[in-house]
Amino acid sequence: MAWFRKVWIWLFVLLAVVFVFAETRQIVILQTSDLHGYIYPIDYATNRPANQGLAKVASVIKEQREKYGEENVIVVDTGDLIQGSPLEYYHAKFDNSDVDPMVLVMNHLKFAASTIGNHEFNYGLDVLNKAINEAEFPFLSANITDEFDSPYFMPYHIVDLNGVTVLILGLTTKFIPNWEDPRNISGLNFKDPVEIAKLYVEALRDIADVVVIAYHGGLERDPVTGEPTEPLVGENQGYELATQVPGVDVLLTGHQHRSIATKIGNVAVTQPSNWGKMVGKVTIKLEKNEDDERWIVKEVIPELIDTSKYPADPEVLELAKPYEEKTQKWLDTPVGMAKGNFWISDPFAARLWDNPLIEFVNKVQMYYTGAKISSTALFTNDVKGWKEGPITLRDINAVYIYANTLKVLKVKGKDIKDALERSADYFVFEDGVAKENKAWIEPKVQRYNYDMWEGISYKIVLNRPKGDRIVDLMFEGKPIDMDAEYEIVLNNYRAGGGGGYEMFKGKPVVREILIEMAELMSNYVLEKKEIEATLDNNWGAYVEMNYTVQSEETIETVASKLGVSVEDLKRWNNVQEVKPGDVLKHYVPYFEYLELMQKAS
């Protein structure tokens, strides 16, 4: 028995040696997403430095390659690359002969691949295909097919890192037809990315050591609980991809502009914000299987790198300098004069009451379409507008930051009411104070989905229940008929139902203006030469209050006391006369209400 024991000891030692000295590797995947044409670390609206841009990303990439070895690092982008900044707008619209600036820099940085994003189509297929042909890396999307059901773009890319085979499968949100100008996606089909991923991963898993999905789309559910974080309409299907496609090691997401580094099951998931503010990083530890010489993924570690801690790379700045100089000169071109201020000092207050800037944007939309009713949004809290004096193209492009065109739809009064109720959900009313509904800013900031209207008048009553906050909805002095038809102008994103406005989806299109809004605004100012800040106060946020009629009071004296018209008081309460003890509801502008509460306390 002694010899048997010795054999087992030697076998144990041999196995331990094999385990200890098993060949291991470590590779790193770096991710950018939603760069939107930003290279220089600059805020184009103010021309001041900003912690963003591909030049800062470049410093992260160089650091990681020095740390891990260039042969162990892959850099992947997940879309919305060639649209979104004045730099790319100028290049696409006015000087498209040179290499696309984003592609030029990414060639220099040796990106492995980029996924097609929804904004890649905004300038049309000619501009997109030119950028693709200029790239020294593939643009990927397996679920966008042509009229013959073949992939229109390269579906996947395989990278060999010194014997470790990495599959990068590109996928794009299928929701693009709901937003995009049909001319820009003519002949293309957008298939379900989850079903397409299943097919490709099953077919290719055996030839790859590491499977990476690079998806221009985000997470529709909480990665920990699996609970939905948005309506499950198919715009974002990242959670589905991570949980329903076997064999995936890494899921790189985008589109939502969120900062995510987590794991869903064994899948590493990242999303690196937007504009180059973050870089996603997934460290992958592998071990070689001695039986078949295959590399086995043992661990995936997702994280985010904050680019604000890095300087802009001077080589990248120099490479993009000719593009930047042309853009800056163009942005500083004056187009007209402002009489009065079109200025947003408090973005939350601007969403509570009519203001000259939003009124101006709506007036431009109505001017060029002939529609009598219009809506638009204050897209971000960074939008400021301009003050009295010269107006430049920089000012205008800083206000209308998207490449939207206009559509006039024929809708019913109920559709308008439903849309206004959707916007009114932006507010919560807690302890007598209006606040942002957290669902509009977490997990994704969606302030661009809060619309403000012109051509109609309405009140948002903050202390009424959700879905029943809009009162006094009027058009041309009369209550809007819920069953009557009206023509309204919206941007193409909203007209397709984008942002949760399903009531507009599929509605008849009366006419379209296929010129981008920033250009229409510029043309308007050029034509008028001087524009005056106007404010008709056709909408605002209110608080509903009750008044008890006292002895000897009439509806006329009550109306006078409350500072409202007799007609309004009658309409609000559906009465013609009053008697002592009657309780009448009336609406107080929110900012007046705050003053009343302050005095009362």
Side-chain angles (χ1 to χ4, degrees), residues 347-363 365-366 371-378 408-429 434 436-437 440 447-491 494-495 499-504 507 534-545 562-565 567-574 585-593:
F348 185 68
R351 296 185 180 97
L352 282 163
W353 201 267
D354 195 15
N355 60 85
L357 181 64
I358 294 300
E359 188 164 303
F360 167 74
V361 176
N362 273 319
K363 283 165 66 175
Q365 294 188 167
M366 296 158 81
K372 293 183 177 181
I373 302 172
S374 172
S375 82
T376 192
L378 183 66
V408 176
L409 302 185
K410 184 173 286 187
V411 302
K412 290 195 173 181
K414 186 178 185 303
D415 298 319
I416 296 174
K417 170 72 158 52
D418 289 345
L420 288 166
E421 293 289 0
R422 157 70 177 148
S423 286
D425 181 60
Y426 171 76
F427 300 107
V428 293
F429 195 64
E436 281 187 312
N437 184 343
W440 284 68
R447 296 183 179 111
Y448 54 84
N449 284 327
Y450 173 80
D451 289 343
M452 294 160 275
W453 293 63
E454 193 67 30
I456 57 175
S457 60
Y458 59 97
K459 292 177 174 64
I460 304 168
V461 184
L462 297 169
N463 58 338
R464 288 178 70 92
K466 176 181 177 179
D468 189 28
R469 287 179 163 176
I470 303 301
V471 302
D472 264 3
L473 179 53
M474 314 278 281
F475 174 64
E476 296 182 337
K478 299 177 181 178
I480 280 188
D481 183 339
M482 294 294 107
D483 295 319
E485 291 187 326
Y486 301 86
E487 290 186 6
I488 64 172
V489 56
L490 309 162
N491 68 46
R494 188 70 78 242
Y501 289 80
E502 295 291 319
M503 69 290 299
F504 297 141
K507 289 295 189 292
T534 61
L535 194 60
D536 59 10
N537 295 310
N538 65 301
W539 67 272
Y542 290 75
V543 176
E544 183 176 294
M545 301 186 74
L562 297 177
V564 299
S565 73
E567 291 74 19
D568 283 344
L569 202 57
K570 288 180 178 179
R571 186 175 67 257
W572 294 339
N573 294 278
N574 194 27
K585 61 185 176 185
H586 63 104
Y587 304 105
V588 178
Y590 174 67
F591 295 113
E592 289 183 20
Y593 167 82

Pair Y426-Y450, ring pair (Phe, Tyr, Trp, His ring centres under 6.0 Å): steps then yes or no
CA-CA 7 Å; Y426 171 76; Y450 173 80; 5.0 Å; yes

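Between the side chains of R494 and N449, at least one donor-acceptor pair of N or O atoms lies under 3.5 Å. For the 3.5 Å distance criterion, the side chains of K363 and T534 qualify, holding a donor opposite an acceptor.
Taking V564 as the reference, A559, L562, L569, W572 meet the side-chain contact (heavy atoms from CB on, under 4.5 Å) condition, with sequence neighbours excluded. By the salt bridge (charged side-chain N to carboxylate O under 4.0 Å, His left out) test, E544 pairs with R464, sequence neighbours left out. Checked against side-chain contact (heavy atoms from CB on, under 4.5 Å), S374 has the following partners two or more places apart in sequence or in another chain: N362, Q365, M366, V489. Every residue meeting the side-chain contact (heavy atoms from CB on, under 4.5 Å) condition with N537, not counting sequence neighbours, appears here in chain and number order: W353, D354, L535. Residues meeting the salt bridge (charged side-chain N to carboxylate O under 4.0 Å, His left out) test with D425, sequence neighbours left out: K466. Under the salt bridge (charged side-chain N to carboxylate O under 4.0 Å, His left out) criterion, E502 pairs with no residue, sequence neighbours left out. Listed by chain and residue number, F427 satisfy the ring pair (Phe, Tyr, Trp, His ring centres under 6.0 Å) test with F348 (two or more places apart in sequence, or in another chain). Under the ring pair (Phe, Tyr, Trp, His ring centres under 6.0 Å) criterion, Y501 pairs with no residue at all, not counting sequence neighbours. Taking the side-chain contact (heavy atoms from CB on, under 4.5 Å) definition, one finds that N574 meets it with nothing, sequence neighbours left out. Shown here are the salt bridge (charged side-chain N to carboxylate O under 4.0 Å, His left out) partners of E567, two or more places apart in sequence or in another chain: there are none.
In this structure, R351 fails the cation-pi test against W440, since its NZ or CZ atom is not both closer than 6.0 Å to the six-membered ring centre and inside 45 degrees of the ring normal.
The side chain to side chain donor-acceptor pair (under 3.5 Å) pairs that include a residue from residues 408-417 are K414-D418, K417-E421, where partners are two or more places apart or lie in different chains. For the side chain to side chain donor-acceptor pair (under 3.5 Å) condition, the pairs that include at least one residue of residues 477-488, sequence neighbours left out, are E487-R511.
Note: I480 CD1 to I416 CD1 = 4.5 Å, rounded to the nearest 0.5 Å.
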